[in-house]
2 protein chains.
Amino acid sequence: MTQVHCTRAQTAVLQVLQQQREPISAQALYTLIKQQQRIGLATVYRALDALKRMGQVQHRVTLTGETLYNAVEQDRHYMTCLDCGQSFPLNTCPLKGLELSLKHSSSFTIYYHTLEFFGLCEPCSVQGG
Amino acid sequence: MTQVHCTRAQTAVLQVLQQQREPISAQALYTLIKQQQRIGLATVYRALDALKRMGQVQHRVTLTGETLYNAVEQDRHYMTCLDCGQSFPLNTCPLKGLELSLKHSSSFTIYYHTLEFFGLCEPCSVQGG
DNA sequence: CCTAGAAATGATAATCATTATCATGACGGG
DNA sequence: CCCGTCATGATAATGATTATCATTTCTAGG
Ligand SMILES: [Mn+2]
Ligand SMILES: [Mn+2]
Ligand SMILES: [Zn+2]
Ligand SMILES: [Zn+2]
């Protein structure tokens, strides 16, 4: 059975995530939460996983293999340079409409999506390319 | 300076990738290539990285943290279940048009994109959800 | 064709984010 | 208040990826 209310850890994780402007890593989250309450790193990971399955939190993976998390309300996407690794945010989500129509047409329950463009930023494409 | 032609490893990696129907991991690629020529795992990773920077190969990261690679021509996307981890392919890429227009409007050189929906597949949403 | 410097390679060790384990603590119904 | 269940924290283990470094392969001259 799905749990009825959030655990202490889940509450803390979600609250901190909702305060962030940008997606952050589990480790960073751990550091932030620890300033306010006793918590273990494993618990942060467990809470993130649970919140993902509840459709409250989404994730993306950086080029360095770090997973970043954010609240689903924050529907942000990036163009990421394969050379220097920098990420440049898009102004808007190009999938607003599509996701809605998919939610109806499919038997799959969609919670969130990831969309990211990869290539070379201007400086990097000028020099190395 | 950008190298002019592909190295032996890059050629092998790209050739094998183009034969695949689905994205595969670096380790799997390593196993496949080793059947035909002497190669090291590190070299496979190096070739994949180089091919990515050339816009020939793209990547995505599974829920288990494995990175999968495929030739860019193969523009495939998935809906992935956060519970059982299964991935269900989409019929078409919903971004065909958008990517083209972005390629012109932006100073960022786009090589490829990733798009993935996450949620619960029907079986999983019935039981656990 | 031969040679020296540069680039690529393979074997191996090291890294490090994430997971698994397990003993302990909190919780909720009876 | 008591017991079974779930949550938690500390710590060890995992495993994909990366760094290292000695060796081999290329390449551009000569
Ligand atoms: Mn979006
Ligand atoms: Mn696509
Ligand atoms: Zn760049
Ligand atoms: Zn499922």
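Every chain is numbered from 1, with letters handed out A, B, ... down the list of sequences. Just so you know, these numbers use all the heavy atoms, side chains as well, and skip hydrogens, waters and symmetry mates. Worth saying up front: this structure is predicted, and the values here are computed from it rather than measured.
Comparing Thr64(B) and Ile39(B) along DNA chain C, the residue whose closest nucleotide (by nearest heavy atom) sits nearer the 5' end is Ile39(B). Projected onto DNA chain C by closest heavy-atom contact, Tyr69(A) and Tyr30(B) fall at different nucleotides, the more 5' of which corresponds to Tyr30(B). Two residues, Glu66(B) and Arg8(B), neighbour DNA chain D, and the one matched to the more 5' nucleotide by heavy-atom proximity is Glu66(B).
Counting any heavy atom pair closer than 4.0 Å across all strands shown, Ser25(B) reaches no nucleic acid atom.
For the pair Arg60(A) and Tyr78(A), the cation-pi criterion (under 6.0 Å, within 45° of the ring axis) is fulfilled.
Leu115(B) contributes atom CG, which lies 11.5 Å from atom CD of Glu116(A) (distance to the nearest 0.5 angstrom).
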Step by step, work out the ring pair (Phe, Tyr, Trp, His ring centres under 6.0 Å) result for Tyr111(B) and Phe118(A). CA-CA 6 Å; Tyr111(B) 282 162; Phe118(A) 294 92; over 10 Å; no
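Under a 3.5 Å cut-off, the side chain of Gln20(A) and the backbone N or O of Val16(A) do form a donor-acceptor pair.
Summarising the geometry, the separation between CG on Asp49(B) and C1' on dT17(D) is reported as 11 Å, rounded to the nearest angstrom. Separating the CD atom of Gln27(A) from the P atom of dT19(C) is a distance of 11 Å, rounded to the nearest angstrom. Between the CG atom of Leu63(A) and the P atom of dC16(C) there is a distance of 17 Å, rounded to whole Å. Look at CD on Gln37(B): it is 13 Å from P on dT25(D), rounded to the nearest Å. The separation between Leu41(B) atom CG and dT17(D) atom C1' is 8 Å, rounded to whole Å. Lys34(B) places its NZ atom 16 Å from the P atom of dT9(C), with the value rounded to the nearest Å. A straight line from CG of Leu48(B) to P of dT18(D) spans 10 Å, rounded to a whole angstrom.
Of the candidate nucleotides dA17(C), dT17(D), dT12(C), dT12(C) has the atom nearest to the side chain of Ala42(B). The side chain of Arg46(A) approaches dT21(C) more closely than any other nucleotide in the set dT18(C), dT21(C), dG10(C).
Contact between the side-chain N/O atoms of Thr43(B) and the OP1/OP2 oxygens of dG10(C) is found at a separation under 4.0 Å. A close approach under 4.0 Å does occur between a side-chain nitrogen or oxygen of Tyr45(A) and OP1 or OP2 of dT18(C). The phosphate of dT8(D) has OP1 or OP2 within less than 4.0 Å of a side-chain N or O from Thr7(A). Between His5(B) and the phosphate of dA7(C), there is no side-chain N or O to OP1/OP2 separation shorter than 4.0 Å.
For Arg38(A) and dG25(C), a side-chain-to-base donor-acceptor distance below 3.5 Å is absent, hydrogens and geometry of angles not being considered.
Between His113(A) and His77(B), a ring centre-to-centre spacing not shorter than 6.0 Å is recorded.
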